[in-house]
Engineer: 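Please see the structure below; I have some questions.
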There are 2 protein chains.
Amino acid sequence: MTYTQLRPPTMADVARMAGVSHQTVSRVLGDHPNVRDETRAKVLHAIEEMGYRRNSSARALATRRTRTLGVVASNTTLYGPASTLFALEEAARAEGYVVSTVSLRELTVETLSEALAHLSQGGVEGVIALAPQRSAVEALAELRHPFPVVAVGTGSGVEIPSVNVDQFLGARLATGHLLASGHRTVWHLAGPEDWQEAVDRTDGWRATLEEAGVQPPLPLGGDWSPLSGYRAGQELAGWVGRGLTAVFVANDQMALGVLRALREAGVRTPQDVAVVGFDDIPESEFFAPPLTTVRQDFATVGKRSIALLLDLIEGRTPSGTSRVAIEPQLVVRASTFPYAPQSGAAPG
Amino acid sequence: MTYTQLRPPTMADVARMAGVSHQTVSRVLGDHPNVRDETRAKVLHAIEEMGYRRNSSARALATRRTRTLGVVASNTTLYGPASTLFALEEAARAEGYVVSTVSLRELTVETLSEALAHLSQGGVEGVIALAPQRSAVEALAELRHPFPVVAVGTGSGVEIPSVNVDQFLGARLATGHLLASGHRTVWHLAGPEDWQEAVDRTDGWRATLEEAGVQPPLPLGGDWSPLSGYRAGQELAGWVGRGLTAVFVANDQMALGVLRALREAGVRTPQDVAVVGFDDIPESEFFAPPLTTVRQDFATVGKRSIALLLDLIEGRTPSGTSRVAIEPQLVVRASTFPYAPQSGAAPG
DNA sequence: GAGGTCATTGTGAGCGCTAACAATTCATGG
DNA sequence: CCATGAATTGTTAGCGCTCACAATGACCTC
């Protein structure tokens, strides 16, 4: 078939065919109660017959509601952002909203600004910003935008309404688990410093050690990629036998690289060095060995974010006040076995 | 700040402030050439001053163009779909289009139909359907929709305009590589039978073996997950020493499970059994051992899909004729080493 | 100086819908 | 039988923009 420019039927066309006024058609479509069944049937029949679809632009213009939300994200092929995106869309759709997305290669003032402008062109009523980099958050605070914005993954120390997984707590769970398993200290491979989540995880790790009266070793740094984990793992391997028996890695992908580097260096996991990751990506369970990690509940993040944004749009919540924090969960697997008898699923 | 319902300024407001007609404001915004510089400056100043933004609904209504495209996808947290989604959005944005997405948990006639209706509510001018399941494609062909639809990942045997990576060729590359490395035969762990891509990969594998005069073993089946790969791997381990020396696995995630199962069974990769995957997910390079696999160029898929859809929307291409196929690429790593001296990057 | 051309600006009419109000119908009770 | 009000339907006026066309004025040309 070809999509010729024959103009699609309008409400008036339907009304004519059904022998009613266009307003009655509108009432039928809007499920207005005061329409006689017989009339409704006539209208529905005409709609069906003509293949009529309500013009969303005209509707949006008249109602001043587009029922569209925007999402700005980066690194959308990573498990975390992809999962959040999925949850956001599902939650928004459940509320009758369409979601338009902009996926950025990098978050800067410029790209963010363009993204918001682009979404504005799409007529969004509000925007969720998956903005894990701190620079992005600052940019967001500066930018003028005619709609409310909710930040996700920015940490709670920002001006903007935000929803976050409690990264500090997650790191505490991971580190505490290793200490409880008998390790004297826990090393740390951190994520990029300009990511708030990375900083929070490092802070949680450090705080846990300090509370246990342990002087934290100097953390290593990576960029979330398996490759950076691999490189850090090579360095870590050099410390085995000199006090290194446990590592908390800031995400699962880097942990994968660490595992490989350790293996290549002849270091056994978990017998020589225990490893904990963060995220619980689907592959983690099948790493060599299966990875103990911290699971984030992205579905809840999505739901809460949409709920908050809709509150803001409807004016139910004064913006600037809202901070939502969500608890993560430790998942114990073989990479910290046999030090971990207390909880979690056994590996398959 | 609060988003009070003070009505945002309209074009007429700007016009009044700048002392011109609303049409002149429209011209400035539309970069119409015949506007005096002085006038343009006045208008731009007024726009800036009032924080004016063009109302997209009104614009869409008047122009009959929403400049919005829709995407229906499932399994969006998997690497392949997520990468395609990213590429699609980027390509569409480059053309000035906003992208609205619907992420489905499963593709059925009902969910697809709802998704299209939802996107229609969002005013899309066309839709890309990431529809790897065959059932979905059939559903797509049946459904009435007032806009063009391009299918991605459906294989080329469908009525609908489509864009695909040549899965058959990919399987041929993988299987051929193993045969060329000296293996007598190649076993196969297939994806779900209702996925066209899985079928095409199996067909490519079978054809390559038959052309080499080898009777293909019975393929195993999985569901793309590492777990299903793990289970299949346990079974495969039982065939080692009885003719099994090489396995072509239909995706990297399942290959991960296979690797683990083999390892646990004391089977060495690649010395005892060589393994090839499909997708080249970022983690593959860091599996134990690093995985030989087939890379799909999702960026090109995205660009070509958008280009095709826009052609359809503009009426440049008669729909129903267009099939685009994209070549995949073999990436050789240690899981087929040392049988593979001929090409590809060495493991890190 | 009349007529013509071009650049620039303004005017009016819709795009297809919903909201507010007006009009009509119908059942009901006094 | 007619007033009363509820249920149902119709009428009108925008929503904020772009498009087609009209109007204005500056500048030439002969």
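Numbered from 1 within each chain, the chains take letters A, B, ... in sequence-line order.
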Engineer: Tell me the interatomic distance from B:Leu29, atom CG, to D:dG16, atom P, rounded to whole angstroms.
Structural biologist: 15 Å
Engineer: Nearest 0.5 Å, please: how far is CD in B:Gln133 from CG in B:Leu112?
Structural biologist: 9.5 Å
Engineer: Just how far, in rounded Å, is P of C:dT24 from CD of A:Gln23?
Structural biologist: 17 Å
Engineer: For D:dT18 and B:Ser26 - does any side-chain N or O of the residue sit under 4.0 Å from the phosphate oxygens OP1/OP2?
Structural biologist: yes
Engineer: Kindly say whether A:Ala73 contributes a backbone atom to a donor-acceptor pair with the side chain of A:Ser103 at under 3.5 angstrom?
Structural biologist: no
Engineer: How many Å lie between CG on A:Leu61 and P on D:dC17, as a whole number?
Structural biologist: 9 Å
Engineer: With no hydrogens and no angle check, is any side-chain donor or acceptor of B:Ser120 less than 3.5 Å from a backbone partner on B:Leu116?
Structural biologist: no
Engineer: Separation of B:Arg65 atom CZ from C:dG16 atom C1', in whole Å?
Structural biologist: 18 Å
Engineer: Find the distance A:Glu38:CD to C:dT25:P and express it as a whole number of Å.
Structural biologist: 15 Å
Engineer: Rounded off to whole Å, could you give me the CZ-to-C1' distance for the A:Arg54 and C:dC15 pair?
Structural biologist: 17 Å
Engineer: Closer to the 5' end of DNA chain C via nearest nucleotide, is it B:Ala62 or B:Thr39?
Structural biologist: B:Thr39
Engineer: Looking at every strand, decide which applies to A:Asn55 at a 4.0 Å heavy-atom threshold: base, sugar-phosphate, or nothing.
Structural biologist: sugar-phosphate
Engineer: Please figure out whether B:Thr24 or A:Ser56 has its closest DNA chain C nucleotide nearer the 5' end.
Structural biologist: B:Thr24
Engineer: Nearest whole Å is fine: how far is C:dC17 P from A:His22 NE2?
Structural biologist: 9 Å
Engineer: So does B:Arg64 get a side-chain nitrogen or oxygen closer than 4.0 Å to the phosphate oxygens (OP1/OP2) of D:dC17?
Structural biologist: no
Engineer: Taking the minimum atom-to-atom distance to the side chain of A:Ser21, which one of D:dT11, C:dG12, C:dC17 wins?
Structural biologist: D:dT11
Engineer: Considering all heavy atoms of both residues, which atom of A:Gly123 and which atom of A:Thr66 are nearest to each other, and what is their separation?
Structural biologist: O-OG1, 2.6 Å
Engineer: Nearest to the side chain of B:Thr10, which nucleotide is it out of D:dC17, D:dT18, C:dT9?
Structural biologist: D:dC17
Engineer: Just the rounded figure in Å: distance from C1' of C:dA23 to CG of A:Asn34.
Structural biologist: 15 Å
Engineer: Take B:Arg59 and B:Arg27, find for each the nucleotide of DNA chain D with the closest heavy atom, and name the residue whose nucleotide sits nearer the 5' end.
Structural biologist: B:Arg59
Engineer: Using modelled atom types and a 3.5 Å cut-off, is there a donor and acceptor pairing between side-chain atoms of B:Thr24 and backbone atoms of B:Val20?
Structural biologist: no
Engineer: State which of C:dT9, D:dG16, C:dT18 makes the closest approach to the side chain of B:Arg36.
Structural biologist: C:dT9
Engineer: Could one point to a donor on the side chain of A:His32 or the base of D:dT9 with an acceptor on the other under 3.5 Å away?
Structural biologist: no
